[in-house]
Amino acid sequence: MSFKFFATAAKGTEGVLRDELRELRFRRVKATRGGVRFEGPASEGYRACLWSRIAMRIMVERATFACPSERALYDRVRELDLGDVLTPQHTLAVRASSSQSYLSHTQFIAQKTKDAIVDSMREDFGERSSVDIQDPDLRLFVHINRNECTLYFDMSGEPLHLRGWRARGGAAPLKETLAAAIVRLSGWTPDALFIDPMCGSGTLAIEAAALATKRAPGLGRTFGFQRWASYDHEEVTNWEKLQEEARAAVQDVKLNIVASDTSPESIALAEDNAQQAGVAIQFSARNVTNWLPEERGGWVITNPPYGHRLGNSDEAYLALDTWIAKSRGHWTFCIISGSPELDAAFLAPKRGARWHALHNGDIECKLWTIQTK
Ligand SMILES: C[S@@+](CC[C@H](N)C(=O)[O-])C[C@H]1O[C@@H](n2cnc3c(N)ncnc32)[C@H](O)[C@@H]1O
């Protein structure tokens with residue numbers, strides 16, 4: 001049986017997610033607003049949860065129907081038989097979104113959907129699932145677009161950026177999924193040198209290392225679909241086989257990845273994180289001003305302080321400025337910036353500077369790329 005899946009993506013990462021899923025040999029891969037579609041048997045959903053570094057969630061489509069009114073939403077959801085996945089002993093949570101539709105109040109849509117599901121259960125079994133917003137067994141997502149409703153089950157459970165290796169937060173960590181998208185957008189390949197001189201909790205370096213060693217990002221955690229009623233003996237076997245293949249795929253390669261930060265606490269955190277993630281990275285506590293331009297060339301991929309939480313840091317930018325000006329050989333600098341002032345002062349004037357729009361949570365960012373010869 002073939003299913004339709006939707007992998008959600010942070011704004012600006014849809015293109016690299018599409019490329020990643022194609023490279024992972026998913027079928028009928030198509031980028032669209034907010035994410036990427038693909039198709040295949042249920043195990044392809046498992047495989048995407050295990051292997052996609054960039055997707056935020058993997059959803060499987062359960063039903064699509066015309067939804068011109070509240071009545072239509074309630075009636076059509078009530079008719080659905082969801083017993084293969086959800087029993088009265090399972091908890092659920094519903095979220096909704098809507099665009100250009102008669103029903104636009106997302107909380108109302110979620111509430112009506114939940115009512116229809118539990119009313120149908122009560123009729124069939126005399127008991128119903130309870131709602132658990134924090135940690136439900138089944139997360140449903142309802143999207144209404146131009147009065148057409150699609151009901152999805154979220155296979156991921158907890159969002160996919162939670163890889164299972166992060167010990168504590170750190171100052172302003174990038175989400176792992178965004179970091180993986182940035183590494184891909186940078187064009188870095190594992191044979192080249194990777195430097196993050198303002199690494200914080202180490203996210204960019206750890207994601208680069210996981211990519212280089214072919215370590216599946218989902219190996220250290222569990223997923224939502226494992227809590228569904230449909231996760232029977234056969235599905236357990238399918239999942240265990242995928243995990244075994246992923247473990248066998250890990251390569252013990254020498255990494256060309258170095259990372260530093262001015263804060264010794266951040267370096268201690270990054271070291272803990274890398275150890276948990278199972279990757280060996282050379283970390284050191286040093287100021288970005290102490291990096292000397294080297295002959296050999298490589299990639300500098302970094303996320304300097306900016307925005308509301310840390311405040312803008314001219315010192316860090318001045319150091320990068322000098323580094324760019326003095327560097328010899330082929331270097332690619334990829335700098336994530338959320339500050340239009342710093343962009344205008346330092347990055348935009350650089351020869352050949354180009355940028356890609358990204359969203360870091362609710363901060364609009366630019367990933368700047370500057371190449372030197
Ligand atoms: C936005 S955070 C990086 C977050 C990181 N990408 C992560 O995912 O955890 C910026 C980092 O730059 C570091 N930093 C600020 N000024 C620096 C400097 N002059 N030299 C080196 N690191 C610096 C801060 O200590 C902070 O950890």
Side-chain angles (χ1 to χ4, degrees), residues 10 12-13 53-54 56 159-186 188 194-211 217 257-277 279 281-293 299-324 326 333-339 341-343 345-347 358-368:
T13 68
R53 301 179 196 280
I54 300 173
M56 296 196 299
L160 296 180
H161 74 87
L162 301 175
R163 314 281 206 222
W165 53 251
R166 193 179 286 285
R168 315 177 286 283
L174 285 173
K175 278 196 174 138
E176 294 74 352
T177 42
L178 184 62
I182 288 166
V183 171
R184 187 158 185 129
L185 280 163
S186 76
W188 172 77
F194 175 115
I195 303 175
D196 180 355
M198 286 175 266
C199 70
S201 62
T203 321
L204 283 162
I206 293 170
E207 286 299 320
L211 180 75
I257 299 174
V258 288
S260 61
D261 198 286
T262 191
S263 144
E265 295 79 33
S266 292
I267 291 302
L269 179 59
E271 280 171 346
D272 283 356
N273 284 337
Q275 195 185 12
Q276 277 299 317
V279 291
I281 295 167
Q282 298 168 45
F283 288 105
S284 58
R286 71 202 270 196
N287 196 298
V288 60
T289 49
N290 297 334
W291 274 96
L292 296 174
W299 266 253
V300 175
I301 305 178
T302 198
N303 169 211
Y306 62 81
H308 316 294
R309 281 184 288 180
L310 295 172
N312 293 335
S313 162
D314 287 1
E315 182 202 37
Y317 273 80
L318 280 169
L320 283 173
D321 210 44
T322 311
W323 194 348
I324 293 169
K326 291 195 175 164
F333 287 82
C334 292
I335 299 163
I336 306 128
S337 161
S339 158
E341 298 81 46
L342 292 173
D343 288 357
F346 294 107
L347 299 167
L358 286 174
H359 272 72
N360 181 10
D362 53 7
I363 305 175
E364 273 186 39
C365 293
K366 287 189 168 99
L367 176 65
W368 288 88

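Every number for a ligand or one of its atoms is a count from 1 in the order of the listing.
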Purely on distance, is any nitrogen or oxygen of S263 under 3.5 Å from one on ligand 1?
no

Salt bridge or not between R166 and E176? Use side-chain N to carboxylate O under 4.0 Å.
yes

Which of parallel (below 30°), tilted (30 to 60°) and perpendicular (above 60°) describes W323 and F333?
perpendicular

Keeping S186 on the side-chain end and W188 on the backbone end, is there a donor-acceptor pair under 3.5 Å?
yes

State, to 0.1 Å, how close I336 and P304 come at their nearest heavy-atom pair, and which atoms those are.
O-CD, 3.4 Å

Nearest heavy atom to atom 22 (N) of ligand 1: which of I301, T262, I267 does it belong to?
T262

Do any N or O atoms from the side chain of W291 and from the backbone of P197 form a donor-acceptor pair under 3.5 angstrom?
no

Is there at least one pair of N or O atoms, one from E315 and one from ligand 1, spaced under 3.5 Å apart?
yes

Contact check: V288 vs ligand 1, nitrogen or oxygen atoms, below 3.5 angstrom
yes

Donor-acceptor pair, side chain of R53 and main chain of R184, under 3.5 angstrom
no

Those atoms of ligand 1 less than 4.0 Å from some heavy atom in C199:
5 (C), 7 (C), 9 (O)

Using a strict 4.0 Å cut-off to heavy atoms of R286, name the atoms of ligand 1 that fall inside it.
21 (C)

Does ligand 1 have a heavy atom under 4.0 Å from the side chain of A179, from its backbone, from both, or from neither?
neither

So is there a nitrogen or oxygen of S201 less than 3.5 Å from a nitrogen or oxygen in ligand 1?
yes

Nearest non-hydrogen contact with atom 27 (O) of ligand 1 belongs to which option: L174, T203, D261?
D261

Using modelled atom types and a 3.5 Å cut-off, is there a donor and acceptor pairing between side-chain atoms of S266 and backbone atoms of T262?
no

Any heavy atom of A270 under 4.0 Å from ligand 1? The part involved is neither

